[in-house]
Amino acid sequence: MTRVRTRFAPSPTGFMHIGNLRTALYAYLLAKSSGGDFILRIEDTDRARYVEGAVEFIEKTLEAAHIIPDEGPHHGGKFAPYVQSERMPIYKKYAEQLIESGHAYRCFCQQSEEQSDGEKKFGGYDRHCRDLSQAEIEKNLADGLPYVIRQKMPLAGETTFFDVLHGNITIANSELEDQVLLKRDGMPTYNFANVIDDHLMEVSHIIRGTEFITSTPKHVLLYQFFGWEPPTFIHPAPVMGKAADGTISKLSKRHGATSFNDLIQAGYLPEAITNYVALLGWSPKNSNQEIFSMDELIAAFSLEGLSKSPAVFDYDKLDWMSGEYFKRMSDEQFADSARSFVELDDNLSSKWTFLAGLLKTRVSKLSDIQPAIRFLIEKPPFDAELFVNKKNKITVEKSIEIITPALGAIEAIDDWTLETIGAAIAAFTTSTGLKVGTVMWPLRVGLSGQKVTPGGVNEILYLLGKKNSIARLNETLDNLRAL
RNA sequence: GGCGCCUUGGUCAAGCGGUUAAGACUCCAGCCUCUCACGCUGGCUACAUGGGUUCGAAUCCCAUAGGCGUCACCA
């Protein structure tokens, strides 16, 4: 059995779409699950679309996602170069070989040429250049006429190829246009370069989007023309997005964050993103496991688990998975990863690990943190409504009755630690003879200025510090009495 | 429009001729609880439609519908 070699072949657009990331992931998992190689190849044959620095961006993104190429532009490998624009002589050689064997021809048609008869027309050219005499060709060449090299498709019959997900797919050759192999500028088209490179680089399995299904017969014909063995094809369905109005379409900008980078910036962990994306179109056999480390994905991956229907990207589920990753981290780890997403004052930054521990189970992405802790830095405006709570039998009067003596108890705390605070508040609560909830409600609301807080009274007191806590409670008291 | 692919709850998704049609997310209810969250219990919701084949079909076949893709000197 030949060695499994897969490749990820993005064009350098400076953007790593989630769908691309998933394709890369599957290719990587397939290779690694069978001890093979994963290749990164840059398909930069469209000069107009080239984005400066995009290659480095792709490499950095893959690295962040823990998808590490064995061969690539900056990873080396015996089939270098791995950037198509650096392989032009190779494509030229094979294109000419095809002309000689009668499977390709020089086409001198202008791009905008119109065809008037009722014959089937392919992209502004007809097939008359197929029949040019050698003399005509020589003349055109001598005149310096620009030309492209086109693949000479069989006019009859059909081409069948096997796709792991879809089985045999057959397309009539009459549906196939004479594909341009070499463009006017000498660059190869995708449809040509990928065949040459995949063969030369000994790629065994091609994983790419379904948008390539209909052009695969062209590739298969090329393999036949050259007498090469075609690789195994796998065409997973695209990742879809759901718009606000419920319509479903290929995941794009209108659906929000759609690139790996967008998601990182929103504060999702790379591991969580990779994990979630892996499950969008793949599921493990004989298991319901959902949380996977990269090593576990490699161990569990198999082509049989791939789905052939499109999957809708679900931010709710990503949020859940993200939360699962947070919960499995230690407070220290979480505090560390979240640190760059928050701005803290000196007081809070000295208690950051503790605060982070409180937040860990309450956020689904790191960018949720800052809004959740703002009340600790700046107290929200007074709102009397907050001091009325039916369930805990709290009213404004009752709040004043509780906060006033509580202030005394708080002022009496010398050593400001979570333990001493907890003990003092517990003792105070007991002394009032009231239910815990009844006592805590006005205190928490009075301290935080909001109904919902991460952590309870003890934690907030600790985080705020003695001086600040007392100041806030006094202010609250003033406001309540003024009503 | 031609050609191709796809179709199990709102979403992901098991299932490969015989099941009470898994599991997860979301949502709802309850428990826990000083709020929220976590955790725990439980619940709602699905085989696109119509024909076959078969003792028996979500599973096989054929239509129909809908969705998606493709028809570039982009990938």
Side-chain angles (χ1 to χ4, degrees), chain A residues 9-13 20 43-46 48-49 107 109 111 120 122-125 146-150 163 165-166 169-172 174-177 179-191 193-194 208-217 235 237-238 240 242 246-250 276 279-291 304-305 307-321 323 327 358-363 372 386 389 391-392 425 429 435-445 448 450-460:
Chain A
S11 55
T13 59
N20 283 131
E43 312 227 320
D44 60 343
T45 55
D46 184 359
R49 293 217 303 180
C107 175
C109 294
Q111 288 178 68
K120 181 151 189 174
F122 292 101
Y125 77 100
Y147 66 89
V148 297
I149 295 180
R150 306 191 97 107
D163 180 288
L165 259 32
H166 306 288
I169 293 177
T170 300
I171 291 179
S174 59
E175 291 295 322
L176 274 21
E177 65 168 308
Q179 175 65 234
V180 169
L181 267 18
L182 233 44
K183 300 186 253 187
R184 195 163 299 218
D185 64 4
M187 281 286 194
T189 56
Y190 167 83
N191 292 107
N194 97 83
R208 84 238 290 196
T210 43
E211 64 268 31
F212 292 111
I213 284 184
T214 42
S215 50
T216 302
H235 291 103
M240 311 297 280
K242 193 176 197 171
T247 52
I248 289 174
S249 56
K250 199 168 172 178
Y276 175 67
L279 260 25
L280 261 187
W282 173 82
S283 66
K285 290 294 165 195
N286 314 314
S287 146
N288 276 329
Q289 185 177 347
E290 293 200 284
I291 305 298
E304 291 73 48
S307 163
K308 55 185 173 180
S309 50
V312 176
F313 191 96
D314 182 3
Y315 291 93
D316 283 336
K317 183 116 189 194
L318 206 216
D319 281 351
W320 167 79
M321 184 163 286
K327 282 180 278 184
L358 250 31
L359 265 4
K360 205 170 64 174
T361 59
R362 283 168 239 256
V363 298
L386 297 178
N389 181 281
K391 189 185 164 204
N392 287 314
I425 295 297
T429 304
K435 284 170 62 178
V436 178
T438 306
V439 176
M440 297 299 187
W441 184 276
L443 289 177
R444 206 187 63 256
V445 167
S448 69
Q450 53 190 38
K451 198 183 286 185
V452 174
T453 58
V457 171
N458 297 168
E459 289 78 14
I460 296 170

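Chain letters run A, B, ... following the sequence lines, proteins first and then strands; every chain starts at 1. We use all heavy atoms of the structure for the numbers below, so side chains are in, but hydrogens, waters and symmetry mates are not. Fair warning: this is a prediction, and the values are worked out from it, not measured in the lab.
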Using a heavy-atom cut-off of 4.0 Å across all strands, would you classify [X] as base, sugar-phosphate, or nothing?
X: A/Val148; answer: base
X: A/Ser309; answer: sugar-phosphate
X: A/Ile248; answer: sugar-phosphate
X: A/Thr45; answer: sugar-phosphate
X: A/Gly323; answer: nothing
X: A/Ala311; answer: sugar-phosphate
X: A/Gly437; answer: sugar-phosphate

Whole angstrom value for the distance that separates P of B/C34 from NZ of A/Lys435: 10 Å
Integer angstrom distance from the C1' of B/A58 to that of B/G50: 16 Å
Pairwise C1' distance for B/A21 and B/A46, with rounding to whole Å: 9 Å
Where the side chain of [X] is defined as all heavy atoms beyond and including C-beta, which of [options] is the nearest nucleotide?
X: A/Arg362; options: B/A13, B/A37, B/C73; result: B/A37
X: A/Ser307; options: B/A75, B/A13, B/C34; result: B/A13
X: A/Val452; options: B/C36, B/C5, B/U70; result: B/C36
X: A/Arg444; options: B/U35, B/U7, B/A24; result: B/U35
X: A/Ile171; options: B/G4, B/U70, B/C68; result: B/G4
X: A/Leu280; options: B/C12, B/G69, B/A75; result: B/C12
X: A/Glu290; options: B/A24, B/C34, B/G10; result: B/A24
X: A/Lys391; options: B/C73, B/G4, B/U35; result: B/U35
X: A/Thr361; options: B/C68, B/C38, B/C34; result: B/C38

Base paired to [N] (Watson-Crick or G-U; both N/O distances under 3.5 angstrom):
N: B/A22; result: none
N: B/U59; result: none
N: B/G4; result: B/C68

Donor on one side chain, acceptor on other, A/Thr216 and A/Arg208, under 3.5 Å: yes
Main-chain N/O of A/Thr13 paired with A/Ser11 side-chain donor or acceptor, under 3.5 Å: no
Phosphate OP1/OP2 of B/C36: any A/Thr453 side-chain N/O under 4.0 Å: no
Residue pair A/Pro12 / A/Asp44: nearest heavy atoms and the distance that separates them: CG-CB, 3.6 Å
Donor/acceptor link under 3.5 angstrom from A/Lys317 side chain onto base of B/A24: yes
